[in-house]
Amino acid sequence: MVNKKSAVKDIGSNDSYLLQLLYSVLIIISLMIVIFVFRNVNVRETTNIKYDYVTSSFVINDDALKRPAYMSDNWIFVPNFSRNEIRYDTRIDNIMKTHPYADHVEITNHGWNNLGSKTKWNRTDGNIVFDELELYNIPTVTGAYMTKIKYSSGQSKIYLDLGDINGHAYVYCNNKYVGEAGDLLEYEIIPNYNGGHNSSAIQVDSGTLEIIIVCYSNSKITSPGLVTIPTILSPTYNTVFSTLPTAWISVIFTITVIAIIAGYHLGSTFKDNRVYYFFVLTILHIFLYNIVDNYFLILDSTTKQAARLLFFIGAAAFSYCFVSVLFKSKKYKNIGSADCIVVSCIGIAFVALDFLDSSLISTPFNEFCAIAYVSLLAVASIIKVLFFHLDSKNALFGSFASITVFFIYFAMLSQENLLCNISLYSVLYFIALIGILISFIRRYTLQYRELVNSSTHLKLAIEQKTAHISEINKDLINTNKKLLSNEEARKNVMSNVSHDLRTPITAIRGYAELLIKGSSTLSDEQKNNYLNNILKRSIQMERIVSDIVEISKMEATNFEFNFMDLSVNELLDEIYMLYSSDLSATKELTLDLPEEDFLMVKADPKRLSRVFENLISNAINYTNEEAHIAIKAWRSDADKPLSEQRIHITVSDDGIGIPPDEIERVFDRFYRAKNSGQNIKGTGLGLSIVKMIIDKHDAEITVTSEIGVGTTFHIVMKPTY
């Protein structure tokens, strides 16, 4: 039996493991689909417009502006070029004659430190040294990206979108300043209500547009300059790309606030409030990272890199702690706190190291450490779920959270060449928040439904129990009334019995004393008279005792009736013969029976005889000296099926009658009518015995009576044939 239970448990564990693994795979596939769709919709492509090598110009017309026009290569880069060198007659060809430059330059995510494999340097020996400037007390380097556009479209205004910039860029078109974008050069924080959409409007006033983008960057930044492919946009696209990021960050802000508020109410039901605190700290750090990274706050490059690092490490650490404290296990309760402390200490040490040596902030060392840190936390979370807490009710939710944050953080680290300034990690963050809210709302909805169902069942059970208790209470009340009534009757019968027994005993004793004391003086006639009286009194006592014994027997649970086929005709005829001979000359007993119908019933002969004897005795006792007692029996509905036929027996007298208000009580035990008189002896048990016997025969008995006219007892029985 033990092995069987163990086998069943192992099978259940394997099923849970496989199911959890399946859910994890489905989550990963779903996230991969989201990433695939995002990269095909919102990532800038390579050059998708024609480049004229003869004129060294990009060719843009109405067809090209039906979608964003990407200019990813064939740029010219001039190092150490300052905006102060631009004059009203400055031309790109003239700059190329007087400055070292590189042509066939590609825009990469490493800025001007990686200008692409097709780059060719001119007017230089290949050893390019960037001169440092001092702007706002910040060591700064500069360089210019240049290109020509052969424009033949019907638009009077187009927009140049630079995307992401490591540094600050000034944009000129045909020697005219048209705008600037990117980071600040000084230490200030400025909100950007365009949602990081770094576009500049270019007024079209000639067929050829010469674009010069002068970039200034902190010399400590490892990837200075343009890191996103510049794109030409129509006014319609520019409006869309300017509006969408602001709308998106509003959505992110709203869902973050909703998550915090909903989490506060849901978190109040948790035993461990740390779940809520870690959840809030995680989403706040990701939200602030999004604000800083996507130019919703404009900072200088170094501050931006430091803020991104701080929020990234904080979000990663708090998300791991959030997943960790979801699980409560007595076996691993110490691990639940220790691993959170270790993870937090590693994150703090990582951030502290960068802030102690600011030169590390923009190096590949930071990126490598961040990737290693996130990978470690993601793997640790998944292992914790799958191998330590697989049977926990939070296992599925923990897997979802662990896998999703893993994708979010790697998306945060990747350099996306975004078309619209809506980052991939913000989309995954939105999906994660919605998933978390749906998961918890669904869980609490199910719990609420269970509570409602339980409450309904409990209410129904209470109503049923209340109704049952009410019935029991009614039964108890009725039983109590019967007990009180029986007690009253018992007291009365005890009084009557004691009186009735005392009277014959006293008489017997008196006659016996007379016989003993005066035996010598009494005549034989007197002696016989006394003995006859003693005999009558003994019979009276025997009758009283017999009634009490009879009803006691019938109340016993093991009392049995001997039913058999019985002729009511024959039974009544025998009883008639018995009583007719004992009646006085002034009382008449008559019998009316059908001649050809035996009136067969299923009955106990002895008990049914007792019924008629009691009824006839009552009739004799409660009639005057001159009286008529009638016994009658017949069959009703003889022409109908046997099941609808009935046998009727009546015993009638013309005696004193029963008061109308006492007719219902004549069958009660120990009850005697008030008009029964003191001279009529009885215990009040005779009719009660009759009623009990009739009930045992599945028959009915009723009584009708009128004072001074007489009483009739009517018995109805089922025939057997």
So OG of S538 and CD1 of I505: to nearest 0.5 Å the spacing works out to 9.5 Å
Would you say the side chain of I260 lies within less than 4.5 Å of the side chain of Y276, judging by non-hydrogen atoms? yes
Do the side chains of L437 and I255 get nearer than 4.5 Å, heavy atoms only? yes
If you count heavy atoms of other groups shown closer than 6.0 angstrom to CD of E525, is the number above 12? no
Can you find a side-chain donor-acceptor pair between N614 and R610 that sits under 3.5 Å? yes
For a 4.5 angstrom cut-off between non-hydrogen side-chain atoms, does T456 reach L460? no
Quick check: does any side chain N or O of N532 sit under 3.5 Å from a backbone N or O of N528, one acting as donor and the other as acceptor? yes
Which value, rounded to the nearest 0.5 Å, describes the distance between M600 atom CE and L642 atom CG? 12.0 Å
Could you tell me whether the side chain of K718 and the main chain of D698 form a donor-acceptor pair under 3.5 Å? no
Taking N473 for its side chain and I469 for its backbone only, find out whether a donor-acceptor pair lies under 3.5 Å. no
Indicate the atoms forming the closest heavy-atom contact of I707 with I658, along with that distance. CD1-C, 3.4 Å
Once rounded to the nearest 0.5 Å, what's the spacing between atom OG of S652 and atom CG of D592? 11.0 Å
The test is side chain to side chain contact (heavy atoms under 4.5 Å, CB included); show your working for F713 and V690 and say whether it passes. CA-CA 11 Å; F713 288 90; V690 167; over 6 Å; no
To the nearest 0.5 Å, what is the distance between CD1 (I694) and CZ (R607)? 13.0 Å
Side chain to side chain contact (heavy atoms under 4.5 Å, CB included) between L687 and L615, worked out: CA-CA 8 Å; L687 292 180; L615 292 178; 3.8 Å; yes
For a quick test of reading the model, state the closest non-hydrogen atom pair linking A633 to L572 and the distance between them. CB-CD1, 3.8 Å
Answer yes or no: are there more than 12 heavy-atom neighbours, outside E644 itself, under 6.0 Å from its atom CD? yes
Considering non-hydrogen atoms only, spot the tightest contact between N569 and P594 and give its length. ND2-O, 3.1 Å
Could you walk me through whether Y579 and I629 pass the side chain to side chain contact (heavy atoms under 4.5 Å, CB included) check? CA-CA 11 Å; Y579 278 92; I629 302 169; over 6 Å; no
Determine whether a donor-acceptor pair (N or O, by modelled atom type, separation under 3.5 Å) exists between the side chain of T650 and the backbone of I631. no
Could you go through the side-chain hydrogen bond (donor to acceptor under 3.5 Å, both in side chains) check for S319 and T282 one step at a time? CA-CA 5 Å; S319 64; T282 300; 5.1 Å; no
Heavy-atom distance under 4.5 Å between the side chains of D637 and R646, does that happen here? no
Do N480 and L476 have side chains that get closer than 4.5 Å, going by heavy atoms? no
Member of D653, I663, V651 meeting the side-chain contact (heavy atoms from CB on, under 4.5 Å) criterion with T711: D653
Are the side chain of S567 and the backbone N or O of F598 linked by a donor-acceptor pair below 3.5 Å? yes
If I compare all heavy atoms of L571 with all of S609, which pair ends up nearest, and what's the gap? CD1-OG, 2.9 Å
Shortest non-hydrogen pair, A603 vs L608, comes out as CB-CD2, 3.8 Å
Pairwise distance CG(L599) to CZ(R635) - rounded to 0.5 angstrom: 6.0 Å
Which heavy-atom pair separates Q645 from A638 by the least distance, and what is that distance? NE2-O, 3.2 Å
F563: ring pair (Phe, Tyr, Trp, His ring centres under 6.0 Å) partners, not counting sequence neighbours: F561, H697
Near E626 CD, under 6.0 Å, is it more than 12 heavy atoms from other residues, nucleotides or ligands? no
Between CD of E613 and CD1 of I689, what distance do you get to the nearest 0.5 Å? 11.5 Å
Validation row: R509, E513 side chains within 4.5 angstrom (heavy atoms): yes
Min side-chain heavy-atom separation T590-E588 under 4.5 Å: yes
Applying ring pair (Phe, Tyr, Trp, His ring centres under 6.0 Å), name anything that partners H648, two or more places apart in sequence or on another chain. W634, H714
For residues I715 and F612, determine if any side-chain heavy atom of one lies less than 4.5 Å from a side-chain heavy atom of the other. yes
Would L531 and L535 count as a side chain to side chain contact (heavy atoms under 4.5 Å, CB included) here? Give the steps. CA-CA 6 Å; L531 289 173; L535 179 61; over 6 Å; no
